[in-house]
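These notes are about the structure you will find just below.
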Amino acid sequence: MDFLLNDDQRAVQKLAFDFAQNEIAPYAREHDEEGKINWDALKKMGSLGLLGGPIPEEYGGAGFDYIAFGLICEEIERDETAFRVIQSVHVGLNSMSLLQWGTEEQKQKYLVPQARGEKLATFGLTEPGAGSDAGNVATTARKDGDHYILNGSKIWISLADVADHFLVFASLDRSKKHHGMAAFILERGMDGLTTGTIHGKLGVRAGNTGEIIMQDVRVPKANLVGEEGEGFAIAMSALDWGRFTVATGAVGLAQACLDASVKYCNERNAFGRPIGKFQLVQQMIAKMVEGIETSRLLCYRAGWMKNYGMKTTRETSLAKWHACNVAFESANDAIEIHGAYGYSSEYPPERYLRNSRGAVIYEGTREIHTVMQGEYALGYRQDKPYRCPPPPAVGYQRKDAHDPVSALHYPFPLPTNISGSATPTPGN
Ligand code: CAA
């Protein structure tokens with residue numbers, strides 16, 4: 001087992017760190033307070049190749065591996081969540097889905113400009129009546145010659161009001177439930193497509209979140225991604241990418257909480273000593289370290305598996321669930337350590353707390369991930385392979401082995417005469 005980052009990964013980590021330090025950090029507080037998108041930094045992110053990090057160079061990207069992709073998310077969210085959200089929806093949920101499921105024509109037309117940072121893309125799955133129950137979308141798609149006509153609305157969509165391209169999920173036949181879904185590429189400017197911004201969010205105020213409204217939007221057949229009926233599988237595979245970015249970003253946010261807390265512990269005195277000398281403060285610091293390191297290991301394992309083209313729904317869900325809880329708890333403890341100053345925007349922990357809260361909800365709530373993990377362990381949930389498997393990272397070959405270090409695949413299960421049946425039987 002090799003825990004060392006290679007030279008390429010370290011170079012990408014440094015690139016993302018420097019970018020975040022120079023372009024994001026100086027303006028993060030002001031843009032959060034004003035609810036403003038930092039367009040200059042976004043443009044620079046594109047010119048540095050960070051809007052197409054893991055996309056192969058032949059499709060306009062930088063060809064970084066998925067561990068390096070995770071490092072970008074980590075370093076960026078260390079300074080501001082709104083920028084990691086762009087990695088999640090533009091790169092993870094949208095561009096990676098086109099790379100995995102798109103036709104060559106779709107890749108040339110949509111993925112290439114996205115990866116080059118010329119066009120911004122988002123992902124429309126969630127609806128007013130379908131959040132966790134993602135297979136229950138009410139948006140409809142009706143076939144009409146060489147087109148589909150889409151009607152419905154999407155909500156809580158990051159970048160909705162600023163994106164150029166949209167990967168949207170609709171139902172061709174609601175009686176078939178999730179088996180009736182399909183995925184479509186929409187473009188801003190199509191007749192009947194409008195977007196709006198949601199105001200009054202608790203966190204990620206420096207990023208756009210909004211709605212997509214579709215009224216008889218005519219979408220060419222060439223914009224169907226995958227096959228009819230494959231929409232739910234595409235959405236789930238997209239979330240395998242998106243949740244990875246959320247998890248790795250959460251590691252960065254927790255690291256920022258630790259960095260700020262350690263600094264404050266050594267500056268602030270109480271009862272004649274730096275507050276870091278008090279054991280109850282040390283306990284909070286130690287809890288952050290434990291959470292950050294376990295989250296980072298879960299993320300690296302998922303990234304390593306992704307590099308070899310393995311399906312990582314379980315491992316990514318575990319990383320996302322754990323890391324987002326850790327980030328939220330770390331932000332809460334960072335406020336505690338900063339005392340009354342932690343309650344003020346003069347110090348960053350209050351922004352970290354607000355920004356960490358959403359990630360416990362979006363891309364699968366804490367409750368959805370808890371249930372998924374329970375079901376995997378009990379044998380009630382088994383992953384099916386995707387028709388289009390996840391692409392290995394540039395320069396890597398697909399490996400068949402999966403999840404090499406998990407308790408679920410422990411090589412020496414207890415004998416059945418001690419523990420009962422060692423192999424759980426799936427329920428209904
Ligand atoms: N890969 C392949 N197939 C999968 C799959 C996966 N990861 N997950 C489920 N399936 C298949 C199942 O095998 C099953 O197939 P059959 O019907 O053929 O047997 C089918 O899909 C239904 O699966 P389940 O029975 O497991 O469905 P469920 O409803 O019990 O659970 C869920 C599904 C896990 C709850 C899923 O709906 C889910 O993850 N929900 C959360 C949605 C989510 O994360 N939304 C975030 C939106 S994006 C966002 O928030 C960001 C933004 O800003 C845009």
Side-chain angles (χ1 to χ4, degrees), residues 81-82 84-97 100-101 120-137 154-163 165-169 176-181 183 195 197-198 201 203-204 207-212 226 229-247 249 302 310-318 320-321 324 358-376 378-390 402 426-428:
T81 301
R84 190 274 304 149
V85 170
I86 294 168
Q87 293 294 320
S88 298
V89 295
H90 172 87
V91 186
L93 291 168
N94 187 310
S95 298
M96 288 306 302
S97 301
Q100 183 170 349
W101 297 88
L120 206 52
T122 190
F123 176 86
L125 176 64
T126 303
E127 299 187 353
S132 293
D133 189 4
N136 187 36
V137 297
K154 302 287 172 182
I155 199 157
W156 297 115
I157 307 302
S158 306
L159 307 181
D161 217 13
V162 293
H165 300 163
F166 306 81
L167 182 63
V168 162
F169 296 83
K176 290 189 182 161
K177 303 197 168 158
H178 57 278
H179 291 296
M181 284 169 63
T195 60
T197 294
I198 295 171
K201 284 178 300 179
V204 199
N208 181 261
T209 308
E211 55 182 347
I212 305 171
E230 233 172 17
F232 189 72
I234 295 174
M236 291 300 115
S237 74
L239 288 165
D240 291 346
W241 296 113
R243 288 169 181 169
F244 177 66
T245 65
V246 176
M310 299 179 199
K311 188 167 186 211
T312 63
T313 306
R314 186 187 81 83
E315 295 76 13
T316 304
S317 153
L318 188 58
K320 192 271 179 190
W321 175 42
C324 291
V360 180
I361 301 170
Y362 55 66
E363 303 220 20
T365 62
R366 170 153 62 193
E367 290 71 27
I368 286 289
H369 291 292
T370 306
V371 169
M372 282 173 72
Q373 293 304 321
E375 288 181 348
Y376 276 121
L378 287 158
Y380 302 159
R381 177 174 289 277
Q382 271 120 19
D383 282 341
K384 292 180 191 157
Y386 297 122
R387 181 179 62 81
C388 297
H402 66 107
N428 296 326

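Read the numbers this way: they start at 1 and go in the same order the structure lists the ligands and their atoms.
Checked options I157, T126, I155; the residue passing with I212 is I157 (criterion: side chain to side chain contact (heavy atoms under 4.5 Å, CB included)). S88 pairs in a side chain to side chain contact (heavy atoms under 4.5 Å, CB included) with only one of the listed residues (T81, V246, N94, T122), which is V246.
Side-chain contact, W241 with Q100: a donor N or O sits under 3.5 Å from an acceptor N or O.
Side-chain N or O atoms of K154 include one that pairs as donor or acceptor with a backbone N or O of F169 at under 3.5 Å. A donor-acceptor pair under 3.5 Å links the side-chain atoms of R243 to the main chain of E363, judged by distance alone.
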For ligand 1, what N or O to protein N or O distances fall under 3.5 Å?
| residue | atom | partner | partner atom | Å |
| --- | --- | --- | --- | --- |
| ligand 1 | 1 (N) | K311 | NZ | 2.7 |
| ligand 1 | 1 (N) | Y386 | OH | 3.2 |
| ligand 1 | 7 (N) | T313 | OG1 | 3.4 |
| ligand 1 | 7 (N) | Y386 | OH | 3.3 |
| ligand 1 | 13 (O) | K384 | NZ | 3.4 |
| ligand 1 | 15 (O) | K384 | NZ | 3.0 |
| ligand 1 | 17 (O) | H178 | NE2 | 2.7 |
| ligand 1 | 17 (O) | H179 | NE2 | 3.0 |
| ligand 1 | 18 (O) | H179 | NE2 | 3.2 |
| ligand 1 | 18 (O) | K384 | NZ | 2.8 |
| ligand 1 | 19 (O) | K384 | NZ | 3.0 |
| ligand 1 | 26 (O) | R381 | NH1 | 3.0 |
| ligand 1 | 26 (O) | R381 | NH2 | 3.0 |
| ligand 1 | 37 (O) | S132 | O | 3.3 |
| ligand 1 | 39 (O) | R243 | NH2 | 3.0 |
| ligand 1 | 40 (N) | S132 | O | 2.8 |
| ligand 1 | 44 (O) | R243 | NH2 | 2.8 |
| ligand 1 | 44 (O) | G364 | N | 2.9 |
| ligand 1 | 50 (O) | E363 | N | 3.4 |
| ligand 1 | 53 (O) | S158 | N | 3.3 |
| ligand 1 | 53 (O) | S158 | OG | 2.8 |

Could you check L120 against L159 for side chain to side chain contact (heavy atoms under 4.5 Å, CB included), going step by step and ending with a plain yes or no? CA-CA 8 Å; L120 206 52; L159 307 181; 4.2 Å; yes
